[in-house]
Enquirer: 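Mind having a look at this structure? Questions to follow.
Per chain, numbering begins at 1; letters A, B, ... match sequence-line order.
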Number of protein chains: 2
Amino acid sequence: VVIMKIPSQAKRVFEGKIFDVYQWEQEMFDGSRQTFEMLKRPDTVQILAIIGDKILTVKEDQPNVKNRLGFLGGRVDAGEKPLAAAKREILEEAGLVFSDWELFKIYEPFRKMDWKIYFYIARNCRKAAEPIWDSGEKIKSKKLSFDEFIKIYSSEKYLGGDFGADLLRIRLDKKKLKNFKKKLFPFS
Amino acid sequence: VVIMKIPSQAKRVFEGKIFDVYQWEQEMFDGSRQTFEMLKRPDTVQILAIIGDKILTVKEDQPNVKNRLGFLGGRVDAGEKPLAAAKREILEEAGLVFSDWELFKIYEPFRKMDWKIYFYIARNCRKAAEPIWDSGEKIKSKKLSFDEFIKIYSSEKYLGGDFGADLLRIRLDKKKLKNFKKKLFPFS
């Protein structure tokens, strides 16, 4: 599968707070031309943070969304590397520093949008500072065992699309399940 | 989980070919105010079309995406009901008329976008016309058995996010699997 990209000749026709809109002329299979449209938004990071034998998850209230299951993370700033964004976010949000990082997977959830979600595994944690919560967020953190984590985050309660589907594929395959557990907890 | 909605006081700040952008002032938990942004796009329909003991699926080339697995379907026009759109699309695309329709599920794949995907099951088929293919699409149709369908559309090859995850949950549960098969093929 080839994911659609915004072509270099596309013009930015709108610049928003989060979303920019691009348009371009596209030649169709029959030779006719149409205006195509795609969106671009900042990439984001999500962190599977390992603390002891648990995985740090969050349940988040935002002004318009209640009880959203997820992970610590956030937007990658302009010019920032995704890994740097992940380290910054988890320090800002939870006051935690991790010394062992691994990229788990990059998701591109929406075909007509230039948006990558980087999922990282963060291991070897130490507390570095007090957490600073964003004004618009109410986050409750919860540490889950591997079994709790894989059950909850592969259920319908977690609206994580492709990551949720990957967890389900891991659950369906004993070998994948063992390897994934080893990836999260290499020394247990 | 409460899905975010575009509030009534939001202003449309951009009107695109597919995507409209809305913004509004949102009071945060600490009393400060921020500009929030959401997108709106036409809803779409996807059809699980049953033909005999098979499910009609498609593999689609678009000018910028190759070999995308999916189903017949398309956009709901302004003022059109989703079911009417589904009937129109399958007649236009495949020249088929179905007399027995059931809404399987409505997905809202993207939190910051007002976009619903209606998945319908269509049964009791007759051929009505020759298919008319869109100038920008190259669609190859493929009829799959239930076992082929559930295997392929719950694999990583199908980038169907929440529907793919639902198929995986169905595969994980023998009772759900039986019920889903009965829903697609009630008379077999």
Side-chain angles (χ1 to χ4, degrees), chain A residues 1-7 13-21 23 26-32 34-39 41 61-69 108-113 133-138 154-169 171-172, chain B residues 1-7 13-21 23 26-32 34-39 41 61-69 108-113 133-138 154-169 171-172:
Chain A
V1 175
V2 178
I3 297 288
M4 196 191 267
K5 299 284 172 213
I6 297 174
V13 293
F14 178 78
E15 188 178 355
K17 292 275 170 187
I18 306 170
F19 300 103
D20 297 340
V21 185
Q23 291 180 348
Q26 178 79 48
E27 187 169 339
M28 310 306 279
F29 292 126
D30 66 358
S32 66
Q34 276 186 24
T35 301
F36 269 49
E37 192 170 77
M38 269 186 72
L39 302 163
R41 62 151 293 161
D61 283 355
Q62 290 182 340
N64 265 322
V65 199
K66 301 244 173 287
N67 280 326
R68 186 177 162 82
L69 294 180
E108 297 192 76
F110 187 49
R111 190 166 56 97
K112 288 179 188 290
M113 191 184 297
W133 303 105
D134 193 301
S135 59
E137 295 169 350
K138 279 189 179 170
S154 64
S155 76
E156 288 191 54
K157 281 185 218 161
Y158 173 61
L159 300 174
D162 298 323
F163 180 69
D166 273 340
L167 289 188
L168 282 156
R169 279 180 212 112
R171 271 183 70 182
L172 273 167
Chain B
V1 174
V2 178
I3 297 289
M4 195 191 266
K5 298 284 173 212
I6 298 174
V13 293
F14 177 78
E15 188 178 355
K17 292 276 169 186
I18 306 171
F19 300 103
D20 297 340
V21 185
Q23 291 180 347
Q26 178 78 48
E27 189 171 336
M28 309 307 279
F29 291 126
D30 68 357
S32 67
Q34 277 186 25
T35 302
F36 269 47
E37 192 169 77
M38 269 185 71
L39 301 162
R41 62 151 294 161
D61 283 354
Q62 291 183 340
N64 265 324
V65 199
K66 301 246 174 287
N67 280 327
R68 186 178 162 81
L69 295 180
E108 298 192 77
F110 187 47
R111 190 166 56 99
K112 288 179 188 289
M113 191 185 297
W133 303 104
D134 192 300
S135 58
E137 294 167 352
K138 278 189 181 172
S154 64
S155 76
E156 289 191 54
K157 280 185 218 162
Y158 173 60
L159 299 174
D162 298 324
F163 180 69
D166 273 340
L167 289 188
L168 281 157
R169 281 181 211 109
R171 271 183 69 184
L172 273 167

Enquirer: Side chain to side chain contact (heavy atoms under 4.5 Å, CB included) between A:Asp162 and B:Leu159: does it pass, once the steps are laid out?
Expert: CA-CA 8 Å; A:Asp162 298 323; B:Leu159 299 174; 5.6 Å; no
Enquirer: Output, in order, the C-alpha distance, side-chain angles, deciding distance and verdict of side chain to side chain contact (heavy atoms under 4.5 Å, CB included) for B:Ile18 and A:Phe36.
Expert: CA-CA 9 Å; B:Ile18 306 171; A:Phe36 269 49; over 6 Å; no
Enquirer: Do side-chain atoms of A:Glu37 reach the backbone of B:Phe19 as a donor and acceptor pair under 3.5 angstrom?
Expert: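 Checking the backbone N and O of B:Phe19 against the side chain of A:Glu37, a donor-acceptor pair under 3.5 Å is found.
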Enquirer: For the atom pair CG (A:Leu168) and CG (B:Leu172), what is the distance rounded to the nearest 0.5 Å?
Expert: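 Those atoms lie 6.0 Å apart.
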Enquirer: Does A:Gln34 form a side chain to side chain contact (heavy atoms under 4.5 Å, CB included) with B:Lys17? I'd like the steps, not just the answer.
Expert: CA-CA 10 Å; A:Gln34 276 186 24; B:Lys17 292 276 169 186; over 6 Å; no
Enquirer: What residues, two or more places apart in sequence or in another chain, satisfy side chain to side chain donor-acceptor pair (under 3.5 Å) together with B:Arg169?
Expert: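 Residues passing side chain to side chain donor-acceptor pair (under 3.5 Å) with B:Arg169: B:Asp166.
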Enquirer: Could you work out, with side chain to side chain donor-acceptor pair (under 3.5 Å) as the rule, every residue matching A:Arg171, not counting sequence neighbours?
Expert: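 Checked A:Arg171 against side chain to side chain donor-acceptor pair (under 3.5 Å); matches are A:Ser154.
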Enquirer: What's the spacing between A:Leu39 CG and B:Lys112 NZ if we round to 0.5 Å?
Expert: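 The NZ atom of B:Lys112 is 13.5 Å from CG of A:Leu39, to the nearest 0.5 Å.
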Enquirer: Against chain B, label A:Glu156 side chain, backbone, both or neither, depending on which of its atoms sit under 4.5 Å from a heavy atom there.
Expert: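 Backbone plus side chain of A:Glu156, per the 4.5 Å heavy-atom cut-off to chain B.
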Enquirer: In terms of ring plane angle, is the pair B:Phe110 and A:Phe110 parallel, tilted or perpendicular, where the classes change at 30° and 60°?
Expert: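 Rings of B:Phe110 and A:Phe110: parallel, under 30°.
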